Amino acid sequence: FLRGLETVADYDLENKRFVLNSPTLTSIKWWPGGLGKTSTHALVMAQLRIRGKILGPHMFLVQLRDMETHLPRTGITVGDIGPKMGFESIDNGFLLLNNVTIPREHMLMKHSEVTENGEYIQHGHSKKLTYGSMTYVRAGMVSGCGNAISRAVTIAVRYSAVRCQGHIDPK
């Protein structure tokens with residue numbers, strides 16, 4: 001559930017940067033496409049926390065890998081989730097963040113922003129908009145799975161209707 005988002009982005013007032021953490025096993029990002037082996041950057045949804053106060057989920061641009069060596073940056077554990085039935089060509093992965101620092105400017109600040117001195121300013125939008133992007137993608141995944149299973153059931157029913165099992169006596 002979206003309100004239970006556990007990844008946290010703390011604003012570090014001293015260094016004017018965000019520190020991102022996945023503090024629990026359930027906060028690990030799981031299944032994002034392209035993340036396992038190829039992505040160098042990701043948009044990460046995390047709970048914004050300033051001076052200990054949670055201000056809700058916000059998006060952050062995070063560089064995952066070094067641009068020269070393609071190795072994960074310090075504090076980032078990233079990899080492929082392994083075999084995926086029927087989707088072996090898809091590069092789905094996981095992401096664990098451990099004290100990953102990013103510049104303040106890497107928070108997407110169209111609808112809300114954090115100033116250098118840690119002041120949070122919201123630009124007159126509903127917090128429901130923030131949830132919208134996550135729910136839209138998840139609804140699309142469910143819809144796609146429904147379409148795939150309906151095709152599979154159609155094929156199975158048609159095959160079972162014409163298939164003869166055992167020996168048929170022509171008499």
Side-chain angles (χ1 to χ4, degrees), residues 1-82 84 87 90-145:
F1 66 108
L2 299 176
R3 289 180 308 206
L5 181 67
E6 297 175 51
T7 303
V8 178
D10 288 297
Y11 184 63
D12 179 357
L13 286 161
E14 184 178 322
N15 296 310
K16 314 278 189 246
R17 299 174 70 82
F18 288 104
V19 181
L20 281 80
N21 280 291
S22 306
T24 63
L25 181 65
T26 55
S27 66
I28 295 172
K29 304 298 183 186
W30 188 262
W31 206 265
L35 184 62
K37 299 174 185 168
T38 56
S39 293
T40 57
H41 292 74
L43 284 176
V44 175
M45 181 77 76
Q47 295 282 1
L48 173 61
R49 185 165 55 193
I50 302 173
R51 297 182 188 95
K53 182 180 179 188
I54 296 283
L55 297 163
H58 290 73
M59 298 291 288
F60 298 87
L61 177 63
V62 179
Q63 182 179 347
L64 305 174
R65 293 180 169 92
D66 181 273
M67 298 303 288
E68 299 296 320
T69 65
H70 203 64
L71 293 172
R73 290 183 56 227
T74 303
I76 292 178
T77 304
V78 63
D80 190 78
I81 63 171
K84 298 159 285 286
F87 295 98
I90 305 298
D91 179 22
N92 294 108
F94 65 89
L95 173 66
L96 174 68
L97 304 165
N98 185 18
N99 293 320
V100 175
T101 60
I102 60 170
R104 182 184 65 85
E105 295 80 12
H106 284 202
M107 175 181 160
L108 301 188
M109 297 194 206
K110 180 178 180 180
H111 300 294
S112 56
E113 66 179 289
V114 176
T115 64
E116 284 189 9
N117 63 358
E119 180 185 358
Y120 178 73
I121 301 168
Q122 197 166 15
H123 299 293
H125 84 286
S126 168
K127 286 187 178 182
K128 292 179 182 176
L129 282 177
T130 306
Y131 292 121
S133 64
M134 288 178 70
T135 56
Y136 177 78
V137 170
R138 291 177 182 183
M141 289 171 61
V142 171
S143 176
C145 289

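Predicted model, so just to flag it, every value in this text is computed and none were measured.
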Distance from Ile102 atom CD1 to Asp12 atom CG, nearest 0.5 Å?
-> 12.0 Å

Is a donor on one side and an acceptor on the other found under 3.5 Å between the side chain of Ser27 and the backbone of Thr7?
-> no

Can you name the nearest heavy-atom pair linking Pro72 to Val78, along with the distance?
-> CG-CG1, 3.8 Å

Minimum heavy-atom distance Gly118-Ile50, with the two atoms named | O-CG2, 3.4 Å

Just distance, no hydrogens or angles: give the donor-acceptor pairs under 3.5 Å from side chains in residues 35-44, sequence neighbours left out.
{"unit_1": "Thr38", "atom_1": "OG1", "unit_2": "Gly34", "atom_2": "O", "d": "3.0"}
{"unit_1": "Thr38", "atom_1": "OG1", "unit_2": "Asp91", "atom_2": "OD2", "d": "3.0"}
{"unit_1": "Ser39", "atom_1": "OG", "unit_2": "Gly34", "atom_2": "O", "d": "2.6"}

Mind listing the closest non-hydrogen atom pair of Leu95 and Ser22 along with its distance?
-> O-OG, 4.4 Å

Under 3.5 Å donor-acceptor, Asn21 side chain and Pro23 backbone = no

Indicate the atoms forming the closest heavy-atom contact of Ile76 with Val62, along with that distance.
-> CD1-CG1, 4.3 Å

Do the ring planes of Trp30 and Phe94 sit parallel (below 30°), tilted (30 to 60°) or perpendicular (above 60°)?
-> parallel

Go through the steps to decide whether Val19 and Thr101 satisfy the test side chain to side chain contact (heavy atoms under 4.5 Å, CB included), and finish with yes or no.
-> CA-CA 4 Å; Val19 181; Thr101 60; 3.9 Å; yes

Give a yes or no on this: more than 12 heavy atoms of other residues, nucleotides or ligands lie within 6.0 Å of atom CD1 of Ile121.
-> yes

Glu105 CD to Phe60 CZ distance, which is reported to the nearest 0.5 Å | 12.5 Å

Here the salt bridge (Lys or Arg N to Asp or Glu O under 4.0 Å) pairs for residues 47-65, sequence neighbours left out, are Asp10-Arg49

Scan for salt bridge (Lys or Arg N to Asp or Glu O under 4.0 Å) pairs involving residues 107-123, sequence neighbours excluded, and state none if there are none.
-> none

Could you name each residue pair satisfying salt bridge (Lys or Arg N to Asp or Glu O under 4.0 Å) that touches residues 73-82, not counting sequence neighbours?
-> Asp80-Lys84

His58 versus Val114: any side-chain heavy-atom pair under 4.5 Å?
-> no

For Pro57 and Met45, which heavy atoms make the closest approach, and how far apart are they?
-> CB-SD, 3.6 Å

Might you point out which heavy atoms bring Val100 and Thr74 nearest each other, and give the distance in Å?
-> CG2-O, 4.0 Å

Contacts of Arg104 meeting salt bridge (charged side-chain N to carboxylate O under 4.0 Å, His left out) (sequence neighbours excluded), chain-then-number -> none

To the nearest 0.5 Å, what is the distance between CG (Leu55) and CD (Gln47)?
-> 9.0 Å

Could you pull out all residues at least two apart from Tyr11 that satisfy ring pair (Phe, Tyr, Trp, His ring centres under 6.0 Å)?
-> Phe18

Are side-chain heavy atoms of Thr77 and Asn98 found at a separation under 4.5 Å?
-> no

Measuring from Met59:CE to His106:NE2, what's the distance to the nearest 0.5 Å?
-> 14.0 Å

To the nearest 0.5 Å, what is the distance between CG (Leu25) and CG (Leu96)?
-> 9.0 Å

